[in-house]
Amino acid sequence: MSDTLSLQAQPRVEAVRAPSRRRRLSEGARSERRLGWALCSPAAVIMLAVTAYPLAYAVYLSLERYDLRFPRQSHFVGYANYQAVLTSGFWWHDFLVTVVITAASVSIEFILGMVFALMMHRTIVGRNALRTAILIPYGIVTVVAAFSWQYAWTPATGYLAGLLPSSAAPLTNTWQAVGIIILAEVWKTTPFMALLLLAGLALVPNDLLNAAKMDGASAWQRFVRITLPLMKPAILVAVLFRTLDAFRIFDNIYILTQGAHGTGSVSILGYDNLFEALNLGIGSAISVLIFIAVGIIAFVMIRGFGTAVPGSENL
Amino acid sequence: MTRLLRRVRVWGARRLLASVAGLALLSPLLASCGGSAGASSGPVVLNFYNFPDPSGAVQTAANDCSARSHGRYRIIYQKLPTSADGQREQLVRRLAAHDDTMDILGLDVTWEAEFAEAHWIVPWTGRYKQEAERGTLPGPLKTAIWKGQLVAVPYNSNTQLLWYRNDLVPHPPRTWAQMLQVAEHLARQGKPHYIEIQGAQYEGITVWFNTLVASAGGSILNASSTAPRLGRPALKALQIMADLAHSPAADPSLANQQEDQNRLAMEAGTAAFELNYPFVYPSMKADKPQLFKHFKWTLYPRVDPSRLAAVTIGGIDLAISAYSRHRSLAFQAALCLRDRHNQLLAAVEGGLPPTLESIYAHPTKSFVAEYPFYKEIAYELRTASVRPKTPAYQNVSIVISHLLSPPSGIRPRQTLQAMRAQLVNALQDKGLIP
């Protein structure tokens, strides 16, 4: 709590200082500022080298006709690659699949994560054992987990496929396979959601809950009226992180279906165009569009949650 | 804290701090750019990038050729990833960066056009070309030619046979129609009856389609690879695939099956037929000795009773990188790596069919023991078809596999129309691949 308070305090201090900023700084303050710059510049340089440069280069490539296989045909094409992507049925299909996976997996994870978080928060007996048990899926490498799901759902070899009618091969049907992908995602990342929400639960003061109890609020009322509003920052962080992660889903699909039978996400589409077709122009355009989509999601969510953003003026 | 900072300032190094830290972090990168140049008085090092061979035959051949060069070169065998896509990805990344430490490249037979068109590999001319062509089977040789030039040398080949159980099928079928009939008959009797073939959404189903189209007397692309050809042979091929998918002969997992799932299904005893590469033979021998007694092989079934089947061939060709600093030595080393002695070794140890006519014409004892089906293989390699030859093969294959898998979704006429339209785009490298 004190951390958030000090974070809030800073902008105010700045605001007070702002009018007098042009005043000459003392020698000590100036050299301290220089040291500050010197100390953080290596990090800044490296951040620029590893993020800003590739990003700018991807934007540049997305405006080029650039196929590794036809290096001599490379030339500037403006927005033609974006036009090709945005008018392609493959992009919109994969976009839909991605949105479905994101929406379904994040909402299921949120509800399950909340249940798990409450369990971890409230349990008194065997608390450590419970927390460990809940966190196990998160500790397993995604690719390994995806392979076990894949084998489990393959007819003749898998125990889960064995529960289905003998002619069923769910991984070859678009929406059944998407369902399995969502299941694999939920299984894998619910613990992460639960962990973040647990941190949020710790923010809720017990006195407040006890006071509400004294006033006759039911357990549900206490949860909806007190716990949830106070957890808003934690919920925002958890849902935002998971939404951005889910929107960029790659590994589970890559192992489970390789994006076959219409189960590809936008990331799989980008990968296939970059590394299978070696079409850097189209592939970069897809990557930039994913980046923009992620940016929009983050913007809308932070706006939607409004003042609940950690570090903002009011909680 | 501030006292400490002041002390730091006293050291006077603060202005340099940033640049020094930056350099320190970059130094490993700079060092790695230096490469392994330097005083080398020993033999020239030739890097041979090839598929990872678990049998050890490739390594033995590399050692053997290095020894035979009498100190002129030393071949270092660099293992590529296991999957074909992974191999291509690594080769392409290095070649696109003009990596001059790559000399001999083991290319899958579908990459020659792409690599040659991008000027990543050099054509074979003069005496190297003559030696590469001498005694090489025509089928595999076709895979190494692009725009009339020999751009690689066939290293090994591969082709599918029809494997069947003679306890269920005393007389193997000669055509697809007969095979379907037999399978349906077995199904009615309640006996194992599946036909195992590659129906998953990957390149294997493109190969199946290519074989059927070629066996029906057609081709997927025109002779100059500029446009789709398809036509009636393609319609016939689609009809056969759809017929199989809707018959009781289809494995329920057809749309999910690659070569290895086919092998497992055959070994599990649920199938009567299997269309697959010869690796299934030693595997059946080791895994199911009882079934192995009835595990027989014959030529790939025909589409048209009066026309030989033209089975799509696979395999590896060796090419020389355009960025190699030792091209001449690399040509010599590549020829050595695929000479009779080393191909025989790779065939017996590694199970990969050779590309030299003489190995089949005058087989050694160990070759016959490992390859009891060598006559059928040689026969198919002579009448083989190759996959569509175009630098955009990857796009072409993806379009085809997406339209054909699951095979139960094939509607011959509509599928053919869609394929024609999408292939035009794929060949022009327009738009996205799915």
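First the proteins, then the strands, lettered A, B, ... as listed; each starts at 1. Keep in mind the model is a prediction, meaning the values are calculated, not measured.
Annotation: Tyr66(A), atom OH; neighbour count of heavy atoms from other residues, nucleotides and ligands within 6.0 Å does not exceed 12. A 6.0 Å sphere centred on OH of Tyr254(A) holds no more than 12 heavy atoms belonging to other residues, nucleotides or ligands. Dense packing is recorded around CD of Gln90(B), with more than 12 heavy atoms of other residues, nucleotides or ligands lying under 6.0 Å away.
Contacts of Leu269(A) with chain B are made by side-chain atoms alone, with heavy-atom separations under 4.5 Å and no backbone atom involved. Contacts of Ile286(A) with chain B are made by side-chain atoms alone, with heavy-atom separations under 4.5 Å and no backbone atom involved. With a 4.5 angstrom heavy-atom cutoff, Ile398(B) touches chain A only via side-chain atoms. Only the side chain of Asp85(B) comes within contact range of chain A, with heavy atoms under 4.5 Å apart. Both the backbone and the side chain of Asp272(A) come within contact range of chain B, with heavy atoms under 4.5 Å apart.
Between Glu117(B) atom CD and Asp67(A) atom CG the span is 11.0 Å, to the nearest 0.5 Å. Residue Gln422(B) holds its CD atom at 4.5 Å from CZ of Phe90(A), rounded to the nearest 0.5 Å.
When each of Ala96(B), Ser401(B), Pro391(B), Gly409(B) is scored by its heavy-atom pairs under 4.5 Å with chain A, the top score falls to Pro391(B).
The closest side-chain heavy-atom distance from Arg88(B) to Phe275(A) is not below 4.5 Å. Between Glu114(B) and Leu278(A) the shortest side-chain heavy-atom distance falls below 4.5 Å. The shortest side-chain heavy-atom distance between Arg69(A) and Asn395(B) falls under the 4.5 Å cut-off.
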Step-by-step side-chain contact (heavy atoms from CB on, under 4.5 Å) determination, Trp120(B) to Leu68(A): CA-CA 10 Å; Trp120(B) 288 330; Leu68(A) 273 188; 4.3 Å; yes
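The closest donor-acceptor contact from the side chain of Gln394(B) to the backbone of Glu276(A) lies at 3.5 Å or more, if one exists at all.
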